[in-house]
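Before any comments, here is the structure.
Note that these values count all heavy atoms, side chains included, but never hydrogens, waters or copies made by symmetry. Small disclaimer: the values here were computed from a predicted structure and weren't measured. Chain letters run A, B, ... following the sequence lines, proteins first and then strands; every chain starts at 1.
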Amino acid sequence: MQNATLAQWFEELADRLEIQGANPFRVRAYRNAARTFADHPEPLAEIVSAGRSLQELPGIGQDLADKAATLITTGSLPQLEELRAQIPQGVLDMLRIPGLGPKKAAVLFHELAITSLDQLRAAAESGAVAGLKGFGKKTAQAILEGLQLAAAAGERVYLAEAKAVSDEIVAGLLTVPGVYQAAAAGSVRRRNETIGDLDVLATAADSAAAMDFLAAHALVEKVLARGDTKQRVRLKSGLELDLRVVADASYGAALQYFTGSKEHNILVRKRALERGLKINEYGVYRDDILVAGHTEDDVYAAIGLPWIPPELREGQREMELAETGRLPRLIELADIRGDLHSHTTATDGQATIREMIAAAQRRGLEYFAITDHSKRVTMANGLDADRLRAHWREIEQVRRDFSGIEVLRGIECDILEDATLDLDDEVLAEADWVVAVLHYGLKQPAEQVTRRLLSAIANPYVSVIGHPTARIVGKRPPVAANMEDVLKAAADQGVMMEINAHPSRLDLDDVLAASAKTLGIPLVISTDAHSVNGFDVMQYGVYQARRAGLEAADVANTRPWHEFRQLLHRRRG
DNA sequence: GCCGTTTTCGGCCCGACTGTTTTCAGTCG
């Protein structure tokens with residue numbers, strides 16, 4: 001069983017317990033457990049089968065460890081079955097409607113016996129909802145609107161899309177007279193893979209001007225709520241955005257607070273309490289006297305910590321790392337010197353060899369690999385041995401016209417369903433750089449798909465495994481492979497692992513990339529560019545690497561060409 | 001349900017906004 005599956009069950013337990021009116025701190029223990037399980041790099045099933053206790057994980061006590069073990073070994077849990085019998089799925093569905101939480105959902109279920117969203121709509125239209133205690137006409141109206149939006153609501157967008165929108169609004173706010181500072185916060189600033197809503201912070205003498213600007217913005221459809229310091233709007237794209245406006249002296253405290261994550265903030269504030277301090281979005285206080293808050297540096301310094309990069313603020317290990325002075329110096333876009341995964345018109349790319357090399361050079365890359373598809377990918381006009389060799393000859397020809405950039409003759413070679421490679425070793429041996437990838441047979445059982453990856457890693461000509469789990473963020477799950485075995489093999493064989501920078505891939509993800517780092521596997525961040533603009537996405541690969549806690553030294557393509565070349569030769573012997 | 005350099009019991013981060021309320025509960029982040 002995947003850790004993610006176990007995490008989902010614990011989320012479900014938490015949702016159902018909450019509707020049942022359980023102690024909120026008990027519910028939080030279940031939610032914390034879900035996060036801990038989802039983010040744990042080692043397969044929990046293996047821990048259990050090895051006879052170890054899950055109590056070794058933070059926030060997991062005897063009770064939750066037993067429940068998790070039962071779920072892992074039997075696939076069910078009496079408590080969960082009981083909760084499922086008591087609370088229909090339709091009641092859980094209500095939680096997705098903005099404004100409906102566990103308390104109101106429980107009232108609708110118990111007072112009106114509503115067990116589906118269709119029944120909820122009918123009850124809202126008939127006036128039954130508005131007549132309930134604690135409800136009213138506006139609530140009923142909000143429910144009807146929420147049902148309308150149900151399809152779009154809860155849908156997350158890729159970071160790249162969310163960041164573009166939030167950057168545009170921030171830039172606009174900075175032109176408003178009276179606005180001092182503005183910045184994106186929330187999950188956009190933490191560079192999460194997907195974004196549920198946008199958070200923007202501004203400082204101003206008077207919040208009204210900033211809020212008026214946002215209300216009138218071309219991207220905004222509707223103002224959902226507005227107070228003195230906080231405004232919530234729905235964008236035409238369906239995304240919602242929170243704008244928070246505070247005094248300039250509170251900028252650091254507000255940015256810290258508004259960046260989150262919630263779990264990180266809980267740890268920060270708990271630490272403040274232990275030191276007799278109180279932190280809120282306006283500042284750090286001792287006995288109601290403001291002692292810090294102008295910058296984020298000040299806020300962290302007040303609780304005895306160095307500034308923590310937003311990408312690490314997930315309430316996991318960052319506090320411990322900060323406390324012991326072991327925070328990584330995270331990789332930056334400027335550290336990248338090479339790009340090792342790209343396509344041309346020879347297969348499904350949109351630019352010629354010459355155009356791609358020129359574009360790579362304009363980006364300041366020192367080295368660059370052209371890795372068109374192998375023949376199995378017929379849709380993309382994949383290359384067989386003859387066409388590939390002709391393609392490489394053309395690359396040799398064209399690259400003579402460029403200086404100051406090394407161009408590698410590469411191939412993105414499919415790992416076939418039967419665990420063989422799509423091209424013979426004889427051909428692969430002639431390549432400068434071989435990216436081995438899974439494109440087909442992604443639903444194979446764990447055993448077979450693991451065997452495929454292991455056999456590719458064992459091939460002496462394979463340089464790197466590209467987008468190793470083949471997942472598409474939010475659309476296609478990762479392959480079922482035992483990634484722990486795969487990473488161990490890669491470490492043994494000196495095969496690199498890719499972080500594919502495309503916003504829909506970002507694979508390896510942060511958890512697996514962190515495991516790879518621990519094992520000493522060199523990572524490669526590549527764009528998979530299919531056009532001259534395809535290089536733009538490198539930034540997102542770097543963000544993912546930062547979330548994994550990677551430093552420049554952990555990423556092979558930050559090295560100068562002469563060092564990178566040595567890495568290649570080491571593999572080839 | 002978890003946890004402990006004041007605690008094995010009694011805490012558990014903190015505040016804004018809305019709607020339905022005569023002082024606050026629920027939701028959200």
Inset, instruction - Could you tell me the separation between the CG atom of N23(A) and the P atom of dG11(B), rounded to a whole number of Å? - result: 13 Å
Legend entry - Separation of dT6(B) P from E274(A) CD (nearest whole Å): 9 Å
Inset, instruction - Please assess Y30(A) against E18(A) for the test side-chain hydrogen bond (donor to acceptor under 3.5 Å, both in side chains), listing each intermediate value before the final yes or no. - result: CA-CA 10 Å; Y30(A) 279 81; E18(A) 207 168 18; over 6 Å; no
Inset, instruction - Could you tell me which residues satisfy ring-ring contact (aromatic ring centres under 6.0 Å, His included) with F37(A), sequence neighbours excluded, listed by chain and number? - result: F10(A)
Inset, instruction - Report the distance from atom CZ of R244(A) to atom P of dA16(B), rounded to the nearest whole Å. - result: 6 Å
Legend entry - Check: T324(A)/E320(A) side-chain N/O donor and acceptor closer than 3.5 Å: no
Inset, instruction - Using a cut-off of strictly less than 4.0 Å, decide whether N265(A) has a side-chain nitrogen or oxygen near OP1 or OP2 of dC13(B). - result: no
Legend entry - Integer-rounded Å distance: dT5(B) C1' and L273(A) CG: 17 Å
Inset, instruction - Take atom CZ of R28(A) and atom C1' of dG11(B), then tell me their distance rounded to the nearest Å. - result: 11 Å
Inset, instruction - For DNA chain B, find the residues of residues 178-196 of chain A with a heavy-atom distance under 4.0 Å and give them by number; none if there aren't any. - result: none
Inset, instruction - Pull out every residue in residues 62-89 of chain A that has a heavy atom closer than 4.0 Å to any atom of DNA chain B, ordered by number, or say none. - result: Q62(A), D63(A), L64(A), K67(A)
Legend entry - Integer angstrom distance from the P of dC12(B) to that of dT21(B): 31 Å
Inset, instruction - Tell me the partner of dT18(B), counting only Watson-Crick (N1-N3 plus N6-O4 or O6-N4) or G-U wobble (N1-O2 and O6-N3) with both under 3.5 Å; none if nothing fits. - result: dA25(B)
Show me the protein contacts with nucleotides 26-29 of chain B, counting only N or O atoms at under 3.5 Å.
| from | atom 1 | to | atom 2 | distance (Å) |
| --- | --- | --- | --- | --- |
| dT27(B) | OP1 | G101(A) | N | 2.8 |
| dT27(B) | OP1 | G101(A) | O | 3.1 |
| dT27(B) | OP1 | K104(A) | N | 2.8 |
| dT27(B) | OP2 | K103(A) | N | 3.2 |
| dC28(B) | OP1 | G99(A) | N | 2.9 |
| dG29(B) | OP1 | D197(A) | OD2 | 3.1 |
| dG29(B) | OP1 | R232(A) | NH2 | 3.0 |
| dG29(B) | N2 | Y257(A) | OH | 3.1 |

Inset, instruction - Under 4.0 Å from any atom of DNA chain B, heavy atoms only: list the residues of residues 8-18 of chain A that qualify, in numerical order. - result: none
Legend entry - Separation of the P atoms in dG19(B) and dG4(B), to the nearest angstrom: 42 Å
Legend entry - dA16(B) versus dT5(B) - spacing of their C1' atoms, nearest Å: 36 Å
Inset, instruction - Rounded to the nearest 0.5 Å, what's the gap from CG on L290(A) to NZ on K278(A)? Could you check? - result: 11.5 Å
Inset, instruction - Kindly compute the distance separating CG (L77(A)) from CD1 (I72(A)), expressed to the nearest 0.5 Å. - result: 11.5 Å
Legend entry - Atom C1', compared across dT8(B) and dC3(B): separation rounded to whole Å: 9 Å
Inset, instruction - For dT18(B) and dT7(B), measure between their C1' atoms and round to the nearest Å. - result: 39 Å
Inset, instruction - Nearest whole angstrom, please: distance from the P of dC14(B) to the OH of Y285(A). - result: 13 Å
Legend entry - Whole-Å distance separating the CZ atom of R31(A) from the C1' atom of dC2(B): 16 Å
Set out, line by line, the N/O atom pairs under 3.5 Å between protein and nucleotides 20-23 of chain B.
| from | atom 1 | to | atom 2 | distance (Å) |
| --- | --- | --- | --- | --- |
| dT20(B) | OP1 | G136(A) | N | 2.6 |
| dT20(B) | OP1 | G136(A) | O | 3.2 |
| dT20(B) | OP1 | K137(A) | N | 3.3 |
| dT20(B) | OP1 | T139(A) | N | 3.3 |
| dT20(B) | OP1 | T139(A) | OG1 | 3.1 |

Inset, instruction - In whole angstrom, give me the gap between the C1' atoms of dC9(B) and dC24(B). - result: 30 Å
Inset, instruction - State, with a plain yes or no, whether a side-chain heavy atom of R84(A) is found less than 4.5 Å away from one of E12(A). - result: yes
Legend entry - Span that lies between the C1' atom of dG15(B) and that of dT22(B), in whole angstrom: 23 Å
Inset, instruction - Let me know the distance between OH of Y282(A) and P of dG15(B), rounded to the nearest Å. - result: 9 Å
